[in-house]
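Order of appearance sets the numbers: ligands from 1, and atoms from 1 within every ligand. Only this structure's heavy atoms are used, side chains among them; waters, hydrogens and symmetry mates stay out.
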Amino acid sequence: MHCTTRITDTVVWVGGSDRRLALFENLFPVPRGVAYNAYLIMDEKTALVDTVDASITGQFMDNVTHTLEGRPLDYLVVNHMEPDHCANIEALMLRFPNLKVVGNVKTLALIGQFYDMELKGRTLTVSEGEELSLGSRTLRFYFAPMVHWPEVMMTYDTREKILFSADAFGSFGALGGNLFNDEVDFDRDWLADARRYYGNIVGKYGPQVQAALKKVGGLEIRMICPLHGPVWRSSISYLLEKYNRWSLYQPEERAVAVMYGSMYGNTENAAQILAAELAQRGVKNTAVYDVSGTHVSYLIGEVFRCSHLVLAAPTYNNGIYPAMLNLLHDMKALNLQNRTVGIIENGSWMPVSGARMRAVLEEMKDMSVLEPVVTLKSSVKEDSLGRLKALADALTQSLTV
Ligand code: FEO
């Protein structure tokens with residue numbers, strides 16, 4: 001049975017949610033599920049903006065068929081050719097023999113790479129800024145290459161002032177009836193997952209996000225319709241500010257995230273002592289994570305949020321403890337920049353993890369390492385306790401600058 005939400009008189013959300021999926025991209029935990037949004041525009045011509053993942057094809061097809069009320073589907077705009085949004089192109093082409101698939105040159109090439117469908121005579125290739133009339137409105141196409149795939153484009157409804165933004169402005173998390181941002185407590189229930197989605201999926205492409213923001217920045221935008229998560233019909237400037245900050249690699253908060261790896265609890269002990277010392281100096285809202293027990297995607301969300309990081313890790317195989325190495329590798333791969341970092345290393349006979357962590361940080365942009373680096377030889381003793389206190393002083397001072 002159909003389950004749709006009307007966005008305006010003539011635009012209908014025809015997507016759905018998947019709460020059974022454990023790992024998005026077979027990589028990222030989604031305990032709150034994930035929504036796949038698609039939008040059907042009913043004008044003199046009908047146009048569907050993107051499709052959905054194969055996991056909810058049945059729901060999606062019911063939604064589209066019900067909304068069309070027997071009318072044919074004239075256009076399918078493909079803003080993004082990743083399979084979580086384009087799994088139903090062929091099924092729609094078979095059901096609607098006059099349907100034209102709208103995309104750019106790169107979109108159409110990717111369709112050929114992923115699928116074996118006959119596209120001859122069934123496509124409409126658009127270029128940057130080109131418009132497509134649906135009758136009472138036109139759709140205008142803005143390319144957003146590498147946000148986060150090369151073919152990505154955004155579609156602007158010039159009458160309704162709606163920006164269909166592809167993955168940009170999306171979030172992990174299934175939708176529960178409340179489709180719009182002003183129907184949920186976004187800061188409480190969605191912001192962390194929106195940040196985690198941004199950091200892990202789009203985070204590497206800050207300059208490209210900046211370019212896209214500039215491109216659509218001059219538009220009058222009444223609503224932003226992303227491919228995942230809530231639809232934005234208010235507080236648009238709040239959302240744009242978050243994206244501007246994240247894509248400039250500016251932290252959202254002056255706060256400390258302590259991330260430690262610990263084999264037998266001794267490095268953990270140092271991390272806890274440091275966090276307690278920070279609290280004694282008046283530092284609030286310090287976040288502490290065990291990198292072995294926290295999926296790295298959550299840690300990435302936190303490094304995008306916090307201005308200050310503390311990385312604490314044992315030496316392992318003459319290098320960095322693997323779970324910490326994995327985090328550092330992700331931070332570097334995602335182009336994270338502009339953070340202040342404290343380092344705690346541990347090593348029972350030859351501690352080198354501190355130097356190794358510093359070396360990775362030096363390969364990143366604008367990462368400054370605080371002194372002192374704290375060295376533990378197996379466990380915290382009086383000398384290392386003094387250095388932990390000195391690091392707490394340095395962090396506290398740096399936070400107030
Ligand atoms: Fe939601 Fe890039 O796919």
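Atom OG1 of residue Thr51 and atom CG of residue Asn79 lie 11.5 Å apart, to the nearest 0.5 angstrom. Separation of atoms OH (Tyr39) and CD1 (Ile7) is listed at 5.5 Å; rounding is to 0.5 Å.
Each protein N, O or S atom less than 2.8 Å from atom 2 (Fe) of ligand 1 was counted, giving 4.
The salt bridge (Lys or Arg N to Asp or Glu O under 4.0 Å) pairs that include a residue from residues 266-276 number zero, where partners must be two or more places apart or lie in different chains.
Evaluation of the side chain to side chain contact (heavy atoms under 4.5 Å, CB included) rule for Ile56 yields Asp18, Tyr36, Val52 as partners, not counting sequence neighbours. Scored by the side chain to side chain contact (heavy atoms under 4.5 Å, CB included) test, Asn269 finds Ile273, Val380 as partners (sequence neighbours excluded).
A distance of 6.0 Å or more separates the ring centres of Trp13 and Phe180.
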